[in-house]
Amino acid sequence: MAPDMPDYTLLTRQLEALLDGRDWLTNTAQTCALIMQQVPELNWAGFYLQRQPELLTLGPFQGKPACNPIPFDKGVCGAAARNRQTQRIDDVHAIADHIVCDAASNSELVVPILRQGALWGVLDLDSPRRGRFDEADQAGIEALVGVFIARTDLPDFLS
Ligand code: SME
């Protein structure tokens, strides 16, 4: 394991212990705070939620104030939302419609959060280092999102 690679197995257990209630607001806040503290070389970690159709609204996050809202047809977060697939981007500047919230961000990992097969939101991580996120980071963060989903009552914002 690389020296700066977080122990995602341990982080998964820590998140399970931290999320001891099922409230979505508390759990989104705790999840991004844990990730920001424990995953090295991040400058932003947070949630965007689908509170209106095909639009991502900024939710709890750690880092600088960020872009809001983000439509499904824009940016890396929009791609994760409309494709319902994790986006792992080594160099965000190579993505034509990347939305610049902070010029310090160079790589990005966005994991979709599904509720009954529909897009509920995304977890977005940004790093100042190009190529910061590898396959192990993707698998680790997807596992953390799995814990978040299993331990949280996700409200249906759209009905
Ligand atoms: N860069 C993202 C926007 C969100 S921020 O990075 C916090 C994107 O292109 O979707």
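Whatever order the structure lists ligands and atoms in, that order sets their numbers, starting from 1.
- For Ala104, the side chain to side chain contact (heavy atoms under 4.5 Å, CB included) criterion is met by Asn43, Asp102, not counting sequence neighbours.
- Atoms of ligand 1 found under 4.0 Å from any heavy atom of Glu108, numbered from 1 in the order shown, are 1 (N), 2 (C), 6 (O), 8 (C).
- Neither the backbone nor the side chain of Phe61 comes within contact range of ligand 1; no heavy atom lies under 4.0 Å.
- By the 4.0 Å N-to-carboxylate-O rule, Arg88 lies too far from Asp134 to be salt-bridged with it.
- Annotation for ligand 1: atoms under 4.0 Å from non-hydrogen atoms of Trp44 are 7 (C).
- Close approach of ligand 1 to Tyr48 is summarised as follows: ligand atoms under 4.0 Å from at least one heavy atom of the residue are 4 (C), 7 (C).
- Taking a cut-off of under 4.0 Å to the non-hydrogen atoms of His98, the atoms of ligand 1 that pass are 1 (N), 9 (O).
- For the residue pair Thr86/Glu142, the side-chain donor-acceptor check at 3.5 Å is satisfied.
- Using a 4.0 Å cut-off between heavy atoms, Val110 makes no contact with ligand 1 at all.
- Shortest contact from atom 8 (C) of ligand 1 to any protein heavy atom: Val76 N, 3.4 Å.
- Note: Tyr48 and Trp120 fail the aromatic proximity criterion, with ring centroids not under 6.0 Å apart.
- The residue from Val111, Thr31, Leu114 that alone fulfils the side chain to side chain contact (heavy atoms under 4.5 Å, CB included) condition with Val145 is Val111.
- For ligand 1 and Gly75, the ligand atoms under 4.0 Å from any heavy atom of the residue are 9 (O), 10 (O).
- For ligand 1, the atoms lying closer than 4.0 Å to a non-hydrogen atom of Asp126 are 5 (S), 6 (O), 7 (C).
- Regarding atom 10 (O) of ligand 1, its nearest protein heavy-atom neighbour is Cys77 N, 2.8 Å.
- Within ligand 1, counting atoms from 1 as listed, the ones closer than 4.0 Å to a heavy atom of Ile70 are 3 (C), 4 (C).
- Of the candidates Asp97, Asp124, Ile99, Ile99 brings a heavy atom nearest to atom 1 (N) of ligand 1.
- Protein heavy atom nearest atom 5 (S) of ligand 1, with residue, atom name and distance: Cys101 SG, 3.1 Å.
- Lys74 has no carboxylate O lying under 4.0 Å from a charged side-chain N of Asp97, or vice versa, which leaves the two without a salt bridge.
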